[in-house]
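Structure first, commentary second.
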Amino acid sequence: MKFPLALALFASFNLAVPAAATADIGPRPGWLVSQMEDGPLKEKLQACLGNPVEPTLFSIAHRGAPLQFPEHTEEGYRAAAVMGAGIQECDVTFTADKELVCRHSQNDLHTTTNILATDLAGKCTSGFTPASGDQPASAECRTSDLTLAEFKRLRGKMDSANKKAETVEAYMDGTAPWRTELYGAAGTLLTHKESIALFKDLGAKFTPELKAPKVAMPYDGFSQQDYAQKLIDEYKEAGIPPEDVFAQSFNLQDVLYWIENEPEFGKQAVYLDARRDLNPLDPSTFSPSMEELKKMGVNYIAPPLFVLLTLEDGKIVPSPYAREARKAGLDLITWTLERSGPLNSGGGWYYQTVGKAIDSDGKMLEVVDVLAQDVGVKGIFSDWPATTSFYASCLGLD
């Protein structure tokens with residue numbers, strides 16, 4: 001691999017990564033290959049180790065690079081670009097003065113920023129309460145508790161909370177042992193507009209997610225439709241071509257709003273599918289059906305990893321959900337790789353339909369291979385984009 005980009009990244013976080021730049025994927029993909037069982041896929045991937053890796057649209061940065069960097073921060077986004085992510089995600093919510101900012105949830109500031117250690121803690125919806133007996137420690141701090149100017153005073157941290165904590169300092173120190181605090185104390189928070197400018201500079205395309213508000217809507221006259229429209233308007237104001245934007249929402253009505261009111265952007269709007277009453281093995285539970293979604297104008301659907309997979313005779317194969325989506329002409333994206341920690345005990349939530357076949361981190365690239373070659377996903381969200389960038393480059397994906 002080539003290393004100048006990584007050296008530039010840590011020397012000066014003013015790096016711009018043009019679309020044609022060679023990515024630096026670091027040691028993790030090679031380590032994952034080393035953990036695989038012997039076979040044709042391992043041999044193919046081994047042969048690619050050391051070859052140049054190009055940025056790819058198959059590699060979608062999930063909130064930046066939160067395996068090691070605070071999520072939704074400039075530092076995390078730049079790290080993802082170095083690793084070859086061709087698409088970057090800003091989860092979009094809003095402040096008290098209705099400005100759009102990048103956060104996974106409107107009410108996650110207490111776990112993703114340093115707010116509890118600042119004078120802004122007094123503005124939180126619920127201040128810190130220490131653990132007591134069987135009652136866990138708690139807090140709730142929302143972007144809508146702050147103005148934009150106040151939000152920009154915060155610093156990002158690794159998303160975590162120690163629910164057994166009796167002090168604010170201990171509560172903020174809950175990072176999982178398989179992540180790291182090496183880069184965890186200096187996260188620069190961004191507005192949605194700032195993320196657009198940064199991603200453009202990095203040569204990436206855009207996948208903003210309109211997050212469900214925690215406040216009642218309309219909020220001070222700001223309706224859900226206003227919210228959905230403002231997201232699109234900020235791309236139009238920045239001169240971003242609609243074909244470079246993959247707006248997302250778990251709320252189907254948001255997607256349909258874009259399809260009807262911003263059809264050029266709506267063509268690539270992504271319906272994030274997390275329907276709780278859906279059984280990926282039983283098409284009768286798909287309501288609306290894949291065909292109905294297609295008729296509504298939906299072209300992209302994105303369920304979690306496990307929804308697209310099942311086991312047949314111990315082998316990982318596409319699920320009925322995956323087959324029905326492809327049959328209806330829907331393009332598939334999935335989430336989230338590298339978010340589960342070590343895979344030696346089944347992989348947890350993201351691998352639940354294939355957990356019996358997941359017994360080591362070496363299975364990760366096997367899962368990626370099934371998703372790419374058999375399911376036919378267009379891209380995979382990852383907390384560490386080097387993994388998907390390496391795979392896509394080796395297999396010749398776009």
Side-chain angles (χ1 to χ4, degrees), residues 39-41 56-60 62 86-87 89 207 209 246 248-252 255 267-340 343 346-358 363-383 385 387-388 391-392 394-398:
L41 178 60
T56 168
L57 299 181
F58 184 81
S59 182
I60 307 173
H62 181 244
I87 303 176
E89 178 187 47
T207 187
E209 181 189 335
F246 298 82
Q248 324 165 64
S249 180
F250 283 100
N251 181 353
L252 180 57
V255 176
K267 289 177 185 177
Q268 294 191 155
V270 181
Y271 174 39
L272 297 166
D273 191 1
R275 289 174 283 179
R276 295 183 182 278
D277 56 352
L278 182 147
N279 178 350
L281 306 181
D282 182 1
S284 70
T285 67
F286 306 168
S287 180
S289 69
M290 302 300 180
E291 292 79 7
E292 288 168 337
L293 287 171
K294 187 67 176 178
K295 288 179 181 178
M296 293 175 189
V298 176
N299 291 317
Y300 286 84
I301 191 167
L305 296 173
F306 71 86
V307 170
L308 297 176
L309 304 171
T310 190
L311 293 175
E312 289 183 2
D313 299 323
K315 182 180 179 182
I316 301 172
V317 298
S319 68
Y321 179 106
R323 294 196 296 268
E324 288 294 309
R326 292 295 303 277
K327 181 180 176 182
L330 294 170
D331 285 323
L332 288 162
I333 298 168
T334 193
W335 43 278
T336 303
L337 204 71
E338 298 278 26
R339 194 160 183 82
S340 303
L343 302 185
W349 190 84
Y350 285 99
Y351 295 86
Q352 60 188 275
T353 55
V354 294
K356 292 181 179 179
I358 305 298
K363 296 293 185 181
M364 191 180 303
L365 288 166
E366 292 183 25
V367 168
V368 172
D369 191 60
V370 173
L371 290 167
Q373 306 301 327
D374 301 331
V375 174
V377 299
K378 297 295 185 181
I380 298 177
F381 282 90
S382 179
D383 277 13
T387 302
T388 42
Y391 174 87
C394 185
L395 274 293
L397 305 180
D398 292 334

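Because the structure is a prediction, the values reported are computed rather than measured.
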If every non-hydrogen atom of [X] is compared with every non-hydrogen atom of [Y], which pair is closest and at what distance?
X: A328; Y: E291; result: CB-N, 4.0 Å
X: T353; Y: P280; result: CG2-CG, 4.5 Å
X: A274; Y: F250; result: CB-CE2, 3.6 Å
X: I316; Y: V354; result: CG2-CG1, 4.1 Å
X: S249; Y: V255; result: O-CG2, 4.1 Å

Practice task
Identify the residue among T207, T388, D383 that makes a side chain to side chain donor-acceptor pair (under 3.5 Å) with H62.
Solution key: D383
Out of curiosity, [X] [atom1] to [Y] [atom2], how far, rounded to the nearest 0.5 Å?
X: M364; Y: Y351; atom1: CE; atom2: OH; result: 4.5 Å
X: L371; Y: L332; atom1: CG; atom2: CG; result: 9.5 Å
X: R326; Y: E324; atom1: CZ; atom2: CD; result: 12.5 Å
X: Q352; Y: L305; atom1: CD; atom2: CG; result: 10.5 Å
X: D374; Y: R323; atom1: CG; atom2: CZ; result: 11.0 Å
X: E209; Y: E89; atom1: CD; atom2: CD; result: 5.5 Å

Exercise for the section: Tell me, please, which residues at least two apart from D273 pass side-chain contact (heavy atoms from CB on, under 4.5 Å). Expected result: Y271, R275, L278, I301, P303, Y321
Determine yes or no for a side-chain-to-main-chain donor-acceptor pair under 3.5 angstrom, with [X] supplying the side chain and [Y] the backbone.
X: T56; Y: D398; answer: yes
X: S319; Y: T310; answer: no
X: S340; Y: G348; answer: no
X: K363; Y: L343; answer: no
X: S59; Y: P385; answer: yes

Is any side-chain heavy atom of [X] less than 4.5 Å from a side-chain heavy atom of [Y]?
X: M296; Y: L252; result: yes
X: Q373; Y: L397; result: yes
X: I358; Y: V367; result: yes
X: V375; Y: L309; result: yes
X: I87; Y: F381; result: no

Practice task
Go through the side-chain N and O atoms of S284 and D282 and say whether any donor and acceptor fall under 3.5 Å apart.
Solution key: yes
Problem - Counterpart residues, ring-ring contact (aromatic ring centres under 6.0 Å, His included), relative to Y350 (two or more places apart) - result: none
Exercise for the section: Identify the residue among T387, I60, V368 that makes a side-chain contact (heavy atoms from CB on, under 4.5 Å) with I380. Expected result: V368
